[in-house]
Amino acid sequence: MAKGKDKQGNTLARILKAYSSGDLDDKLKPVEKKPGKQAHPRGTKRARDGSPVEETHAITKPKEPRGVEAGLKERQEKRIKSENTKSTPNPKPFGKGAQKGQKPNPLLEARKALPIWPHAQSIRAALKKNNVLVLTGETGSGKSTQVPQFLLSEPWCQKCIAVTQPRRMAAISLARRVAQEMSCPPPGRVPGAKVGYSVRFDNATGPHTRVKFLTEGMLLQEMVRDREMEEYSAIIVDEVHERSVNVDLILGFLKNLLSDLENGRLKKRKNPLKVVVMSATVDVGALVQFFGEGSKESEDTQQTLHSDVSSTLVGTQQNQDISTCYIEGRQYPVQTIYLPEPTQNWVESALIHIFQIHRKEPLPGDILVFLTGREKIEKLEKLVNEYAEGLEDSLPKLLVLPLFSALPQHAQQRIFMPTPHRTRKVILATNVAETSVTVPGVRYVIDCGKSKIKEYRNALGLESLLAKPISKSAADQRKGRAGREAPGKCYRLYTEDGYNGFADRTQPEILRCDLSHALLTMVAAGIGLRDVFSFPFLDPPPRGAIERAVALLHDIGAVTEEAEIANDALTMAKFPLTPALSRVLIEAATPERNCLEDVVDIVSALSTEDIFLNLANEERKKEDAEAARRGFYRRSGDHMTLLAAVQGYLEETSDRKAWCAKHFISHRAMQNVVKVRKQLLELCQRLSLVPNSSSSVDPPTANASPEEHTKRVLQCFARGFMRNIARLMPDGSYQTLVSKQTVAIHPSSVLYGRKTDYLLFTEFVFTNRAWVKGVSAPDVGALEEVMRKVVLGDGDGE
DNA sequence: GAGCACTGC
């Protein structure tokens with residue numbers, strides 16, 4: 001190593017040391033540091049999921065035909081048609097008693113058959129009386145489609161009703177369904193359309209929209225723009241039990257808004273705002289307490305509510321402003337079968353159960369297996385196919401279908417295709433099948449009892465992705481998947497004691513994520529930095545987590561030394577990006593860097609799924625892919641490599657799909673990159689980060705050499721990701737400068753296996769070890785300039 | 001030598 005370089009490195013390390021010593025943190029006024037600083041990180045290392053464990057019992061290879069009865073019943077197999085929209089709760093036979101002679105309206109009859117239908121009057125009455133209704137309804141009750149229609153003709157409902165959904169697909173399909181039921185034109189900008197939807201990249205609302213389905217993120221953005229929600233008469237928050245960060249923010253904002261309205265602090269609204277909170281499971285008590293001022297402990301609430309299973313409405317004494325309502329679901333019984341003894345090797349156990357079910361149970365009845373991730377899915381897929389070859393001819397065939405979200409769309413669609421004759425489907429799925437995708441035809445569920453969960457470690461600024469035991473509610477959700485069409489069975493690959501040891505509910509995301517983005521949103525909505533500590537969270541995150549997020553925002557210049565909101569913070573909040581990536585964009589727009597367009601391309605690629613297809617399984621293709629992509633690879637690392645790939649795609653104008661196939665690049669991902677890129681460029685334009693096109697602009701860094709250009713781009717990333725710098729150690733490992741964490745370059749990086757003095761990375765995940773992804777190798781000088789400017793406050797960075 | 005699932009002016 002050259003002496004000069006080493007010296008420079010030391011300078012850099014010194015700067016960062018000063019930086020991390022807390023001098024700066026102390027200047028943040030609202031942060032009350034506890035005397036005992038978090039000295040050492042909580043144990044992050046865990047045994048890798050599914051690490052080799054001594055096998056306790058050998059698997060019996062199915063060779064002798066045993067199940068005679070299995071062959072007899074297969075004739076009757078008949079696939080029940082089912083739609084993959086949550087908006088059609090069990091198209092069961094309805095309207096048998098529909099009066100003949102009158103013109104039959106099948107849609108209306110279907111609505112009348114929904115469990116929620118008889119409750120329409122009491123729901124209207126509840127909202128006439130109170131402004132808040134907490135409605136719990138199980139799967140298939142029809143609440144998402146019917147409640148907005150029940151309310152539409154109420155006298156207080158002059159404006160629009162918003163219905164939030166956690167997922168875009170659900171928002172769109174619900175809007176289509178409700179438009180159909182209301183005999184309106186399908187959602188769109190046409191004047192007649194009363195039902196619309198609004199999701200990222202797709203706004204299908206018009207001047208006459210009365211019911212608007214939108215994703216939680218979209219409503220949040222609207223709240224930031226107009227905190228009085230003038231446009232709406234009612235806001236329905238659906239699927240609250242999933243407890244996304246966004247839904248928690250929405251609930252907090254709504255609570256603030258309701259109390260401001262009640263206390264006359266807001267003047268714009270004429271009519272009160274009605275809020276309906278809908279949830280699948282029994283968090284009623286918590287929600288009622290949350291909206292019911294929160295000051296009084298309402299011990300009786302829970303009991304009162306639980307005794308109210310059959311009737312509809314309860315006004316509790318403590319919380320007179322809140323109505324509650326319970327709607328029964330429509331679900332067939334599912335038998336639960338536990339393991340007698342716990343097992344470590346649940347992949348093998350799943351294998352045994354699949355074949356036991358297949359031998360014992362008649363068709364139809366597909367099997368849905370919940371596993372943790374792609375690796376286990378592919379392992380089990382191979383095993384099942386292997387053992388299926390030994391199946392006697394009298395038994396039906398097995399069709400194994402993997403299902404995880406990284407799977408190409410056409411492969412995911414296979415689960416909806418009709419099952420071939422005398423065949424049983426075995427779907428091996430991740431959590432996608434728990435909420436996002438409804439797999440038709442399932443009567444048997446096998447649940448491994450684990451799922452991979454992302455958690456953020458405040459002390460390290462590191463997220464971990466580890467397989468952990470699921471909660472009781474998640475286990476019950478999985479089990480419910482067996483009873484959508486007929487009575488079913490659920491095999492749990494754990495003991496009953498194991499189940500009893502699960503947490504009741506999955507920990508809400510807000511308690512296990514980096515809060516900097518949430519804080520930025522709150523700040524943009526007019527909440528002062530000091531007030532974030534008293535924001536009404538349904539589950540308040542620990543103070544330390546908020547402090548850490550404030551410190552992060554300070555890192556990137558969203559919070560000033562005086563603990564005030566910086567102007568840049570409001571700009572950053574307007575980007576659909578993490579605060580760090582927003583900072584990178586702002587940096588790229590400065591005259592010294594002048595590389596906004598290229599940085600937008602890279603940021604677009606970083607904020608979508610991986611554009612490089614993963615071909616780990618296909619050995620031969622892997623080498624081809626390496627060769628096909630080599631043209632994009634850049635010495636400086638992943639960021640410039642992404643830029644080359646995105647630009648290559650943009651330059652291809654004839655057949656981009658073929659271009660992607662040729663270069664082993666995901667077309668789906670690239671289409672998304674282009675959408676994000678367009679959106680970001682428009683935002684930059686609107687936020688005046690980009691000079692008006694009328695003025696004569698130099699092409700980006702026209703005067704810079706390629707090396708200088710790369711340096712500038714990486715300096716932008718260094719500005720957003722100051723803590724994400726690691727240094728090569730004498731033993732060949734890398735250690736982060738600030739938190740002294742040993743990290744390894746992820747195998748997906750173009751720098752994998754390379755040694756370089758410094759690494760700058762944009763992602764940091766702990767799985768079986770601490771990996772860094774999105775890695776570049778900047779010049780030390782480039783890093784130092786940024787650090788000096790930021791940490792030491794040097795005006796000009798020289 | 002490896003990536004649970006969602007989302008966003």
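Chain letters run A, B, ... following the sequence lines, proteins first and then strands; every chain starts at 1. Note that these values count all heavy atoms, side chains included, but never hydrogens, waters or copies made by symmetry. What you are looking at is a predicted structure, and each value in this text was computed from that prediction instead of being measured.
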Practice task
Give me the one residue out of Arg481(A), Arg478(A), Lys479(A) that meets salt bridge (charged side-chain N to carboxylate O under 4.0 Å, His left out) with Asp447(A).
Solution key: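 Of the listed options, the one satisfying the test is Arg478(A).
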Problem - Residue Pro576(A), side-chain atoms from C-beta onward, closest of dG8(B), dA5(B), dT7(B) - result: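 So the nucleotide nearest the side chain must be dG8(B).
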Exercise for the section: Output the single nucleotide from dA5(B), dG8(B), dG3(B) whose closest atom is nearest the side chain of Leu465(A). Expected result: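 Looking only at heavy atoms from C-beta outward on Leu465(A), the closest nucleotide is dG3(B).
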So, is [X] near the phosphate of [N], with a side-chain N or O under 4.0 Å from OP1 or OP2?
| X | N | value |
| --- | --- | --- |
| Thr767(A) | dG3(B) | yes |
| Ser607(A) | dG8(B) | no |
| Ser405(A) | dA5(B) | yes |
| Trp771(A) | dG3(B) | yes |
| Ser451(A) | dC4(B) | no |
| Asn246(A) | dG8(B) | no |
| Thr215(A) | dG8(B) | yes |
| Asn768(A) | dG3(B) | yes |

Handout entry: Contact residues, residues 746-756 of chain A to DNA chain B [heavy atom, < 4.0 Å]
Key =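 Contacts with DNA chain B under 4.0 Å: His746(A), Pro747(A), Ser748(A), Tyr752(A).
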Practice task
Could you tell me how the ring of His639(A) sits relative to the ring of Phe717(A): parallel (under 30°), tilted (30 to 60°) or perpendicular (over 60°)?
Solution key: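 Because their plane-to-plane angle is under 30°, the rings of His639(A) and Phe717(A) count as parallel.
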Exercise for the section: Compute the centroid of each ring, for His746(A) and then for Tyr752(A), and state whether the two points are separated by less than 6.0 Å. Expected result: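 No, too far apart.
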Handout entry: Ring-face cation of Arg629(A) near Phe664(A) (centre distance under 6.0 Å, axis angle within 45°)
Key =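 No, Arg629(A) does not lie over the aromatic ring of Phe664(A).
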Handout entry: 5' precedence on DNA chain B between Leu403(A) and Met218(A) (nearest-nucleotide basis)
Key =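 Looking at DNA chain B, the more 5' nearest nucleotide goes with Leu403(A).
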Practice task
Go through the structure and list residues passing salt bridge (Lys or Arg N to Asp or Glu O under 4.0 Å) with Glu763(A), not counting sequence neighbours.
Solution key: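 Salt bridge (Lys or Arg N to Asp or Glu O under 4.0 Å) list for Glu763(A), sorted by chain: empty.
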Practice task
Whole angstrom is fine here: how far is it from CD in Glu763(A) over to C1' in dA2(B)?
Solution key: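 From Glu763(A) CD to dA2(B) C1': 12 Å.
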Problem - Atom-pair distance (CZ on Phe761(A); P on dA2(B)), nearest Å - result: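 After rounding, the gap between these two atoms is 19 Å.
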Practice task
Apply the side-chain contact (heavy atoms from CB on, under 4.5 Å) test between Phe535(A) and each candidate in Asp248(A), Asn256(A), Leu519(A); give the one that qualifies.
Solution key: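 The option that passes is Asn256(A).
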